[in-house]
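One structure is given here, and the rest of the page talks about it.
Below, read A as the first sequence line, B as the second, and so on, with proteins coming before strands; counting in each chain starts at 1.
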Amino acid sequence: MATLAVRRAPLGGFSFENCKRNSILESEANKVGFSVPTARKTGTTICGVVFKDGIVLGADTRATEGMVVADKNCSKIHYISPNIYCCGAGTAADTEMTTQIISSNLELHALSTGRQPRVATANRMLKQMLFRYQGYIGAALVLGGVDCNGPHLYSIYPHGSTDKLPYVTMGSGSLAAMAVFEDRYKTGMEEEEAKQLVRDAIAAGIFNDLGSGSNIDLCVITKGNVDYIRPHDEANKKGVRTGDYRYKRGTTAVLSKVVNPLDLELLEETVQTMDTS
Amino acid sequence: MYSVPVAGLCPQGSYGIQDSLRSGFTSVKNELLPSHPLELSEKNFVLNQDKMNFSTLRNIQGLHAPLKLQMEYRAARQIQRLPFLQSSNLALDTLRGSDDTIGFEDILGDPAQSEMMGEPHMMVEYKLGLL
């Protein structure tokens, strides 16, 4: 083992050491009938639209793992910079890590230039990184934001191609959402109209695509202000139980009652928040 | 400027034959095909990027610009700790401009936290050419 490290300086980044072993294991497992566990995808509907003063981004909140819902309320609109947000479809871990890396890079870049970052910069960083990994990083993104040149909206595919458009949809429910956009999009919409349009597009994806579901998240970005509305609309509500198996008070007769109060004093109160992101 | 090996997985001993003492037994399948399509391109990514940048610089500013920069790279590359210790390569990073960027090479497989360490005596002897 020591001989391995004599010549080669260890590099960081992806390590391909186990690839051969994994492919052998996979073929052996397939022979016996097992299948290798799949990565968690988001199987999503995400979309974005440019309106008069800025951008509205929308996303559903279901994450699937094969045929099972892995997360009923995951957050697919990721923060990139105070004026730029990014929705992610595809493999959940890939979108999460990619957007976090680009967010850090953009912050360093903004500190180095001393200016507010532009959406085109984030777009270029993302496309160069995704192209470098030739589509093996499964992240399909909708990037939107408002910078000094106005509102911009980009869609970025896993292999690194990008499109700059006034309205974009991505994910497994993209066709349903795009149908709504193609019918009702107009240039120069007002904010409420744009929010309603995005909400309807995501709802179309939720109701017509198995991979999308649960709630609708919206993010409205205008010059100097970001409204992260989570959830904007609960399209899929879980039902409420109509019956109850508990007995009402007074079902059993009370014969006698003894009350012993416990004298406790409150020493310390802490609040530990759960990570519901 | 280090040249990028053509068949990236060819044996790396001297004279191009397998160095069994250092890298273990050889197998034709390991040499011919990479285990992942990205393996070769990732191994040579920094080298290729540098080459591309130098050639653009040569086209824009003339021959002396990349020549001078390569001299600085060579000097920066020599600032290292002992062979078995991890060096931060700060000067090299600054020259390359990667001191204010973050990528997967900084997050995954951090060499400072690797579980294997080179045998110190062997590595120093190799560096001094005694091995």
Side-chain angles (χ1 to χ4, degrees), chain A residues 1-27 80 93-94 96-114 117 121-122 124-126 128-139 158-160, chain B residues 9 12-14 19-24 27 29-30 33-49 77 80 83-87 89 97-127 131:
Chain A
M1 257 204 335
T3 53
L4 280 174
V6 161
R7 188 180 319 102
R8 188 175 19 122
L11 295 167
F14 291 107
S15 152
F16 299 100
E17 283 166 1
N18 290 332
C19 286
K20 277 210 169 66
R21 176 204 75 166
N22 289 349
S23 57
I24 292 176
L25 279 177
E26 195 173 338
S27 61
I80 302 264
D94 288 347
E96 186 73 39
M97 297 262 52
T98 308
T99 46
Q100 281 178 352
I101 287 182
I102 296 302
S103 168
S104 304
N105 270 330
L106 212 56
E107 172 78 14
L108 287 167
H109 189 256
L111 287 168
S112 159
T113 56
T121 317
R124 197 148 279 261
M125 286 181 175
L126 278 165
Q128 284 178 351
M129 166 179 282
L130 290 175
F131 183 71
R132 171 177 170 182
Y133 293 104
Q134 292 289 299
Y136 281 95
I137 292 191
H159 281 264
Chain B
L9 299 166
Q12 283 151 347
S14 40
D19 209 345
S20 300
L21 179 65
R22 301 226 174 80
S23 356
S27 128
K29 201 155 77 145
N30 283 348
L33 298 167
S35 47
H36 193 273
L38 283 181
E39 187 175 355
L40 270 180
S41 93
E42 279 298 301
K43 202 157 77 135
N44 299 326
F45 185 77
V46 177
L47 275 174
N48 279 331
Q49 202 183 34
R77 214 174 265 130
Q80 298 277 320
F84 52 90
L85 291 173
Q86 192 55 31
S87 158
N89 289 322
S98 62
D99 61 337
D100 60 358
T101 52
I102 189 169
F104 285 113
E105 54 274 355
D106 300 306
I107 302 172
L108 302 172
D110 190 4
Q113 292 172 2
S114 93
E115 294 148 356
M116 287 202 304
M117 190 179 122
E119 160 92 29
H121 294 292
M122 287 182 72
M123 294 187 86
V124 174
E125 284 173 13
Y126 181 71
K127 185 76 186 295
L131 193 66

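- The CG atom of Leu108(B) lies 7.5 Å from the CE atom of Met97(A); values are rounded to the nearest 0.5 Å.
- Taking 4.5 Å as the limit, some side-chain heavy atom of Thr99(A) sits within range of a side-chain heavy atom of Ile80(A).
- Of the atoms belonging to Met125(A), not a single heavy atom falls under 4.5 Å from chain B.
- At a 4.5 Å heavy-atom cutoff, Arg21(A) makes no contact with chain B through either its backbone or its side chain.
- Among the candidates Phe14(A), Tyr136(A), Phe16(A), the residue making the largest number of heavy-atom pairs closer than 4.5 Å to chain B is Phe16(A).
- Leu38(B) touches chain A through backbone and side chain together, each having a heavy atom under 4.5 Å away.
- Residue contact with chain B, scored on non-hydrogen atoms closer than 4.5 Å, is absent for Ser15(A).
- Asn89(B) is listed as a side-chain neighbour of Gln80(B), based on a closest heavy-atom distance under 4.5 Å.
- Chosen from Ser41(B), Pro37(B), Ser87(B), the residue pairing most often with chain A at heavy-atom distances under 4.5 Å is Pro37(B).
- In this structure the side chain of Thr98(A) never reaches within 4.5 angstrom of the side chain of Tyr133(A), judged on heavy atoms.
- Inter-residue side-chain proximity for Arg132(A) and Met129(A) is flagged as unmet; no heavy-atom pair is nearer than 4.5 Å.
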